Amino acid sequence: MNKLNTPKGTRDFLPDQVKKRNYIFDTVKHVFDLYGFVPIETPAMELTETLMGKYGEEGDRLIFKILARGEKLKSALESGKETSMAEEALRYDLTVPFARFVVQHQNELSFPFKRYQIQPVWRADRPQKGRYREFFQCDVDTIGSDSLLNEVELVQIVSEVFEKLKLPEIVVKINNRKILQGIAEVVNEPDRMVDITVALDKLDKIGREKVEEELLARGVSNEAIQKLGYLFENPGLTSIRNFVATSEIGMKGIEEIEFLFSRCNELGIQSIAFDPTLARGLNYYTGAIFEVVHPDFPSSICGGGRYDDLTGIFGLKNLSGVGVSFGADRIYDLLEQKDLFPQQISNSTQVLFINFGDTEAKQCILWAAQLRRAGKRVEVYPDSAKLKKQMKYADDKSIPWVALIGEREIQDQKLTIKNMNTGNQESISISDFLQKL
RNA sequence: GUGGUUGUAGCUCAGUAGGUUAGAGCGCCUGAUUGUGGUUCAGGAGGUCGUCGGUUCGAGACCGAUCUUCCACCCCA
């Protein structure tokens, strides 16, 4: 047999897996609905120029580009122009296409626009646990409103979704880019905010010494690193407040995060935590940033933040948005690992009609049709195969009732039904059977 | 993108120091049971050992390349 395979980092989904995935999608959709978010979809591919430069250097490298075809490829090869080699690319996330969508359809939308979007994205990353090249994101974003109530709402949504998914151990880590900017200003490295935060982000992973090494390697001055030492020793919100007191933007970030925490506390939301080391790579974030982690999973299962000017690059200024993205595949892996999918997830067939031959099948499809009109899920075995095979089919699919319709049953106009769980069998009229189901 | 790791039957894995016909469990098929699945018993099918090349009298095993898997880094859902 030939060795068949899907491309690296991609997978097939068997019926059982699709049902479990749908359980996740249905759960998030249900919560999104409760808050008035509406669904949109965008194409799998975007123009390459729409995506390039939005995710930083690393992100650009991970974008799957679609090779030009025919004449275009030929002339691109001749001219040596790399940009015309691939004018289209697979989407890398749902946020940038959403920004493009908002700008393009601005006159058809009413703001603030609250949308959700559940679609696959593609990244040319190296696969490992919880990391795929094709995976689904479930994005919720509100665009066209500066209000911090949107941040509050997103935290509510996140905590509600994970509560419904029976994952109460999650922690919503929260930080604010403005605080990070403030820190950078205070240590006199205002242009090194990203370098500082990326290094800080690794604090709990590699320790203080290594972080300081990395800061130095990234070109942060010794003096600045010394000042940052205070943060390593005093990571709480109040000490950071003191630290950035002289920075206007830093104080703005502190106020924002305090507002968010106050409202969440009043709403009784636990499992949120201020994390000053949380950075997040995507460089379009400007305010609050979120990340959801679970103690039993190595990477984040949800992430997001506020972006003040994402639509600006597409020509629509002054439109702030905030959103989060649920990583459906990681959540799937986590639920599977913890065995948390509900048992009653499948609505499988309720009755299988055994096929004893053409004459008998004729009666079967009539009775089956009658049951289906009453809303029952019914199958008629298509071939007059050996009884053993048909019974095994019912068993494999966990079909609880098997109806055996042979000569005798047609004669008496009664079904012989067998309960596959108990093994009991009885003769019954179609209307009585319907009652029983 | 960097470093490492894995690949033997549909699945999970054995395979000893290179040496005849490559094994097990589970699953699958057939029969015991021609109108009865899940249990039991008896039998059977299924592998050019990821692929290509090399070393050797001889390679599943050793070497190289490539693909794949998983892991760490980078980055991220």
Side-chain angles (χ1 to χ4, degrees), chain A residues 1-11 14 24 28 55-63 91-95 118-139 158 194 198-199 201-202 205-206 210 214 218 278-283 285 289-294 297-305 323-334 352 354-357 360 381 384-409 415-425 427:
Chain A
M1 200 178 106
N2 280 344
K3 218 34 179 192
L4 300 175
N5 213 346
T6 57
K8 185 202 287 220
T10 66
R11 302 143 302 152
L14 293 166
I24 296 172
V28 298
Y55 308 103
E57 214 177 299
E58 183 73 13
D60 281 357
R61 218 187 58 212
L62 298 177
I63 294 171
R91 68 164 106 75
Y92 176 89
D93 72 355
L94 300 177
T95 307
I118 299 174
Q119 288 192 282
V121 304
W122 294 268
R123 293 183 189 178
D125 210 348
R126 268 215 204 171
Q128 51 181 279
K129 186 180 175 74
R131 173 175 294 198
Y132 304 99
R133 295 185 127 187
E134 178 185 62
F135 59 96
F136 268 75
Q137 291 191 326
C138 313
D139 272 38
V158 167
V194 173
V198 166
D201 190 34
K202 296 178 188 161
K205 216 170 179 178
I206 61 177
K210 294 266 182 196
E214 178 153 349
R218 284 173 180 269
L278 176 62
R280 295 198 55 76
L282 298 174
N283 52 16
Y285 292 120
I289 43 184
F290 311 102
E291 193 163 282
V292 178
V293 293
H294 189 282
F297 205 75
S299 45
S300 65
I301 52 181
C302 184
V324 295
S325 177
F326 292 81
D329 298 82
R330 286 180 177 179
I331 294 170
Y332 179 100
D333 289 345
L334 179 56
L352 175 74
I354 297 292
N355 184 331
F356 283 118
E360 292 87 344
Y381 199 89
S384 145
K386 284 195 172 141
L387 184 53
K388 185 184 168 105
K389 187 173 164 64
Q390 301 191 44
M391 293 298 287
K392 189 165 160 39
Y393 176 82
D395 197 44
D396 287 344
K397 279 186 88 171
S398 314
I399 299 173
W401 292 100
V402 166
L404 300 109
I405 312 303
E407 243 176 273
R408 289 199 301 269
E409 285 78 7
L415 302 83
T416 295
I417 54 164
K418 172 166 179 147
N419 181 318
M420 294 295 275
N421 296 320
T422 63
N424 292 339
Q425 223 165 282
S427 181

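Because the structure is predicted, anything quoted here is derived from the model rather than measured. In what follows, every chain begins at residue 1, and chains take the letters A, B, ... in the order their sequences are listed.
- Counting any heavy atom pair closer than 4.0 Å across all strands shown, A:Gly56 reaches no nucleic acid atom.
- Rounded to a whole angstrom, the distance from the P atom of B:G64 to that of B:G3 is 15 Å.
- For the 3.5 Å distance criterion, the side chains of A:Thr10 and A:Glu134 fail to qualify, holding no donor opposite an acceptor.
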Q | Per-nucleotide protein contact string for nucleotides 66-72 of chain B (B base, S sugar-phosphate only, - none; heavy atom under 4.0 Å) | A | --SS-SB

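- Straight-line distance from the CD atom of A:Gln119 to the P atom of B:A77: 17 Å, rounded to whole Å.
- A donor and an acceptor atom sit less than 3.5 Å apart, one in the side chain of A:Glu409 and one in the base of B:G35.
- Taking atom C1' on both nucleotides, B:U2 is separated from B:A61 by 30 Å, rounded to a whole Å.
- Here the separation of B:G47 from B:G60, taken at their C1' atoms, is 11 Å to the nearest Å.
- Across the interface with RNA chain B, nearest-nucleotide mapping of A:Gln425 and A:Cys302 shows A:Gln425 to be the residue nearer the 5′ end.
- Under the 4.5 Å side-chain criterion, counting only non-hydrogen atoms from C-beta, A:Glu409 is not in contact with A:Leu415.
- For the side-chain contact (heavy atoms from CB on, under 4.5 Å) with A:Arg123, the qualifying choice from A:Tyr55, A:Tyr92, A:Tyr132 is A:Tyr92, the only one to do so.
- Only the C1' atoms considered, B:A45 is 7 Å distant from B:C29, to the nearest whole Å.
- Atom NZ in A:Lys392 sits about 11 Å away from atom P in B:G37, given to the nearest Å.
- For B:C13, the paired nucleotide is B:G23, the pair qualifying as Watson-Crick or G-U wobble because both relevant distances are below 3.5 Å.
- When the nearest nucleotides of RNA chain B are assigned to A:Ala124 and A:Asp396 by heavy-atom distance, the more 5′-ward of the two goes with A:Ala124.
- Regarding contacts with the backbone of B:U36, every side-chain N or O of A:Lys389 stays at 4.0 angstrom or more from both OP1 and OP2.
- B:C70 and B:A32 have their C1' atoms separated by 46 Å, with the value rounded to a whole Å.
- Pair assignment for B:A65 gives B:U51, based on Watson-Crick or G-U wobble hydrogen-bonding distances that are each under 3.5 Å.
- A close approach under 4.0 Å does not occur between any side-chain nitrogen or oxygen of A:Lys386 and OP1 or OP2 of B:U36.
- A stacking contact links A:Phe135 to B:A77: the aromatic ring centre lies within less than 5.5 Å of the base's six-membered ring centre, and the planes differ by less than 30°.
- Under a 3.5 Å cut-off, the side chain of A:Arg133 and the backbone N or O of A:Pro127 do not form any donor-acceptor pair.
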